[in-house]
Amino acid sequence: MNRLFLPDTKPVDTSVHGFARAHGSLVELHESPLFLTATAPHPDRRTALVSGGGSGHDPLHAGFVGLGMLDAAAPGRIFASPHNRQVYEASRAVAREEGVLHIVKNYTGDRINFGIAAERLRADGVEVQRVLVDDDLATENHQTATGRRGTGAALVVEKILGAAADTGLGLEELARLGDDVVAASRSLAVAGRAQTSSSRGGEAFSLAEDELEYGVGIHGERGAATIRRPALDRITEQMTTELLDGLPDVGDGVLLLVNGLGGTTPLELYAVHELVSQELEKRRVEVGARLVGTFVPALDMSGFSITLTSLRPGWLDRWQAPVRTPAFPCTEPRS
Amino acid sequence: MNRLFLPDTKPVDTSVHGFARAHGSLVELHESPLFLTATAPHPDRRTALVSGGGSGHDPLHAGFVGLGMLDAAAPGRIFASPHNRQVYEASRAVAREEGVLHIVKNYTGDRINFGIAAERLRADGVEVQRVLVDDDLATENHQTATGRRGTGAALVVEKILGAAADTGLGLEELARLGDDVVAASRSLAVAGRAQTSSSRGGEAFSLAEDELEYGVGIHGERGAATIRRPALDRITEQMTTELLDGLPDVGDGVLLLVNGLGGTTPLELYAVHELVSQELEKRRVEVGARLVGTFVPALDMSGFSITLTSLRPGWLDRWQAPVRTPAFPCTEPRS
Amino acid sequence: MTTIDQDRVVRTYAQASHTAHDALTALDQISGDGDFGDNLREGLDRTVAALDAADGASATEVAGSVFLDEVGGTSGPLIGLLFSEIGRALAGTADDRAGWTDGVRSGLAAIQRVGEAEPGDRTLVDALVPALAALEGDDSWTGVAEAALSGAAATAGTRARRGRASYVGERAVGNPDPGATGVALLFWALARVAEPDSGLGDIEELVPVPTDRDRAG
Amino acid sequence: MTTIDQDRVVRTYAQASHTAHDALTALDQISGDGDFGDNLREGLDRTVAALDAADGASATEVAGSVFLDEVGGTSGPLIGLLFSEIGRALAGTADDRAGWTDGVRSGLAAIQRVGEAEPGDRTLVDALVPALAALEGDDSWTGVAEAALSGAAATAGTRARRGRASYVGERAVGNPDPGATGVALLFWALARVAEPDSGLGDIEELVPVPTDRDRAG
Ligand SMILES: Nc1ncnc2c1ncn2[C@@H]1O[C@H](COP(=O)(O)OP(=O)(O)O)[C@@H](O)[C@H]1O
Ligand SMILES: Nc1ncnc2c1ncn2[C@@H]1O[C@H](COP(=O)(O)OP(=O)(O)O)[C@@H](O)[C@H]1O
Ligand SMILES: [Mg+2]
Ligand SMILES: [Mg+2]
Ligand SMILES: [Mg+2]
Ligand SMILES: [Mg+2]
């Protein structure tokens with residue numbers, strides 16, 4: 001029925017088991033309801049960080065559970081929000097003296113399920129705050145109240161807040177920092193081929209060989225526009241321009257995330273990274289940190305997103321702070 | 001012309017620049033001829049490790065240059081061997097007192113170009129040995145002298161030899177260890193969709209929705225057989241059986257590598273990992289170490305390979321030894 | 001103890017969800033992903049099964065836990081919040097009207113706190129707001145049901161500002177919101193039990209399956 | 001100084017690679033990836049350009065470096081090894097025959113060391129082995145060329161055991177190996193220069209473009 005290599009029944013469950021088996025020293029698996037917790041979080045943490053969302057965007061979020069990032073993550077079915085009970089139980093399992101901060105990508109289902117979990121946690125006397133990640137510039141002008149979608153900036157928020165939480169920051173301060181990081185982050189994505197539909201098989205939407213979906217979402221929502229595909233350097237130039245226009249002051253430099261949407265090769269992603277870096281150089285925008293890889297995909301979609309975060313004092317240190325999770329790269333030479 | 005997001009001219013060059021820019025603390029870029037060297041290799045190394053091969057299999061090999069793995073890598077054009085001069089200059093740049101060990105995947109072009117580089121190095125008085133990686137079981141019974149192709153085991157060889165080289169092992173010992181690891185390693189790959197052709201665009205070969213290419217290569221060589229696609233657990237069962245049949249004694253356990261071929265999601269790879277682990281459990285084969293991810297792809301092919309290495313005393317320690325490269329995961333909690 | 005039999009209300013609602021299933025599915029196919037009919041029916045069937053197993057439990061409280069803990073989608077947990085609040089309110093009073101009114105009021109508040117929807121956004125809220133107003137006034141139970149149903153029907157003229165439907169915009173206009181329609185049926189069931197002879201219409205006529213032309217959108 | 005003008009041999013070879021380009025390309029399309037004609041012609045053109053620039057250099061040594069350092073594919077560097085060894089041998093002797101014989105011998109050895117092909121594997125080696133035997137015997141230069149050409153022609157009956165062609169198996173049988181054919185042309189050029197009047201045939205007749213039927217494979 002489809003070309004994804006997934007078991008016929010309970011694909012997410014099987015996969016999560018294989019994930020926990022592969023990373024047993026970093027994460028612990030909890031079943032019914034399904035969630036993962038960090039085995040060895042930083043002892044100084046006073047506020048727990050919990051996230052979650054639909055599956056198919058892996059390694060987000062479970063891949064970032066561990067030392068220096070999330071305390072727990074709740075994976076939903078493919079492209080569907082986790083159930084509120086998953087979020088509730090995950091939060092109960094990891095809550096600390098200052099409570100729990102929920103990191104939520106801006107989709108209705110996620111907002112509602114995290115919201116209900118928060119209601120229940122508060123009823124239990126657990127303090128809860130939420131950071132809503134809404135970085136996708138392509139959904140900026142929707143005439144609706146749904147607002148911008150949450151995409152690549154989720155990773156930036158999880159890393160920076162993770163490091164901050166490890167210093168013992170309280171719930172309010174963390175929530176404020178999270179809001180600030182979100183406000184300073186914008187993303188844009190393009191696709192040359194839709195992801196494989198996990199239910200029907202085949203491409204979730206179809207594009208001709210010479211077409212490009214500009215401003216695509218991470219669930220196969222079609223983009224803001226279907227355009228004739230320009231050369232790669234024209235695409236990256238336009239995306240860089242729009243991102244910088246959408247961002248507040250970048251005087252202290254930016255963090256650059258070049259993210260694959262699933263079926264995009266490192267060869268392509270590093271080429272995109274080079275071209276975007278050249279664009280930023282032309283505009284004299286300093287790049288304080290860079291990350292290139294497939295971190296927030298839309299199953300196996302062929303395409304990429306660019307996220308820029310306008311840096312504020314202290315954020316770079318948090319971004320570079322030590323981390324041990326299944327998926328966040330730790331590539332710096334040991335000192 | 002095609003759906004790969006690559007610059008129209010010099011795609012590999014642009015990408016390698018973007019790669020070096022992203023990992024400047026770990027790798028140094030050399031141009032004309034093109035190769036990468038480690039900025040901070042282990043001081044105890046007495047034999048340099050050099051590899052290389054066609055591009056499109058990234059992160060192999062450049063992603064494994066750095067502390068604890070390769071001293072240098074030479075990237076060829078897409079799916080084409082690097083030129084002998086790249087290998088020669090890379091080897092000259094990193095050669096140590098004991099000389100240089102070449103890690104070569106078994107393809108004619110690579111054998112010849114590394115071979116010529118070795119001739120030239122020897123003419124210069126540099127000692128050279130070669131480890132030929134030929135793990136692909138699907139090419140076992142070819143009536144030719146080309147032998148088994150080299151695929152996923154290259155990563156295993158690079159990691160184990162890297163750790164061994166860091167202890168100051170000599171050229172002969174390293175070459176012997178490399179040959180042993182290769183002899184103890186077998187791989188098999190399947191694909192549900194071919195990679196995008198980098199020259200023509202479109203799928204490099206075509207499969208119907210319900211077809212599976214069994215025993216596929218990493219350049220879009222068609223597999224040993226095109227079969228009707230069975231359920232995932234049947235595929236993993238058959239692959240596990242064939243791999244164990246093709247391996248020497250596994251009494252000391254195995255190292256399990258589940259590798260994506262490019263367009264395969266973590267969700268799928270971890271599901272495969274779970275199913276293969278269950279098969280191994282059934283047969284009472286102990287898994288000493290596991291690695292799941294996209295390490296030796298065929299551009300954006302949708303599929304996966306499984307590599308098993310029958311462990312020998314000491315190999316596990318080498319596999320788990322500290323490493324800092326752009327792409328080898330270091331996910332274990334710090335002690 | 002209140003006098004309107006909660007258990008009968010919930011079981012009547014469950015039957016209604018079977019009758020209306022195809023219409024609700026079709027409506028969610030137009031504006032969403034087509035699973036609302038399943039979500040509602042499954043939640044109510046599970047509730048009935050739980051009630052059969054645990055005799056004497058508060059039906060609305062049981063429905064609340066089932067929807068909150070076992071039903072997916074956007075609507076499942078929201079309906080769970082509504083039932084939980086109704087259950088809590090009914091447990092604390094002997095006055096049916098006060099219990100339902102307080103329960104719907106705090107259920108609506110929880111739904112809005114969590115879902116952040118305003119009236120007119122084309123959501124559940126558009127059935128609950130008129131139902132609450134009618135409960136707070138001196139309408140009959142049948143009047144409350146009619147208020148909920150006409151609130152739901154009025155969503156046909158609106159564009160979604162919340163939920164999945166906000167992405168399809170214009171295309172859904174002309175058909176009512178599935179969630180609002182489904183929630184209105186709770187008040188229909190309440191009226192059927194409280195005022196069996198009031199002449200309130202049948203489900204088939206109140207919630208027609210949209211025509212194919214509509215469905216093609 | 002040897003008496004056969006190396007420079008003229010290499011330039012004659014370069015012309016031959018132009019004449020034979022389409023045939024060599026077609027042959028590599030049948031058994032490989034179709035770039036052999038380009039690789040050979042490009043390498044020789046670059047050599048000629050280098051010779052034009054640096055007067056007086058040893059033509060075979062220059063060809064050796066150009067092929068080794070600038071030509072891709074499997075054949076480029078192998079042909080580079082051959083030229084380098086010939087250049088080295090010719091530089092060390094005044095005897096043409098001894099120089100070419102030693103050079104081809106050590107070039108063949110290097111090619112086999114590096115490429116690991118045996119005679120009969122359908123590679124360059126199948127042109128070089130008979131050429132070397134003829135050089136070592138008392139054949140004329142023309143006899144050497146004929147030996148190389150017929151060695152290359154005989155590959156048409158063999159299945160590749162080495163290189164890319166080994167993956168297509170049967171399909172290439174019936175046409176000669178492009179690499180062996182291309183290398184035989186070196187000896188053709190040598191004979192043309194050493195024995196201009198020997199009556200050795202022209203390229204067009206010795207290396208015909210395979211017919212379309214063949215090319216379809
Ligand atoms: N923010 C919201 N607040 C209240 N109700 C909402 C909201 N968003 C959507 N809904 C309701 O949910 C209904 C869809 O439910 P369901 O199909 O279960 O959700 P999903 O979109 O997750 O499949 C909509 O018809 C609407 O009435
Ligand atoms: N192992 C080998 N040893 C010697 N010659 C070889 C070997 N493998 C291939 N060849 C020669 O190389 C020729 C093809 O050259 P070329 O087209 O440049 O290589 P590629 O296959 O890399 O495109 C073949 O026709 C054959 O003569
Ligand atoms: Mg729905
Ligand atoms: Mg749904
Ligand atoms: Mg070729
Ligand atoms: Mg070639």
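In the text below, chain A, chain B and the rest are named by the order of the sequence lines, each starting its count at 1. All values reported here derive from a predicted model rather than from experimental measurement.
The CG atom of B:Asn84 sits 7.5 Å away from atom CG of D:Leu81, with the distance rounded to the nearest 0.5 Å. If you take CZ on D:Arg113 and CD1 on B:Ile116, they are separated by 10.5 Å, rounding to the nearest 0.5 Å. We find the OG-CZ distance between D:Ser84 and B:Arg120 to be 7.5 Å, quoted to the nearest 0.5 Å.
Only the side chain of D:Glu116 comes within contact range of chain B, with at least one heavy atom under 4.5 Å from a heavy atom of that chain. Of the atoms belonging to D:Ile111, not a single heavy atom falls under 4.5 Å from chain B.
By the neighbour-count criterion of 12 heavy atoms within 6.0 Å, atom CZ of B:Arg77 is sparsely surrounded, having that number or fewer from other residues, nucleotides or ligands. Heavy atoms from other residues, nucleotides or ligands lying under 6.0 Å from CD of B:Glu242 number more than 12. Surrounding CZ of D:Arg88 are at most 12 heavy atoms belonging to other residues, nucleotides or ligands under 6.0 Å away.
Ranking B:Arg85, B:Gln86, B:His83 against chain D, the residue ahead of the rest is B:His83, based on heavy-atom pairs under 4.5 Å.
Residues B:Ile112 and D:Pro77 come closest through the heavy atom pair CG2-CG, 4.3 Å. What you find for D:Gly73 and B:Asn113 is that their closest heavy atoms are O-ND2, 4.0 Å.
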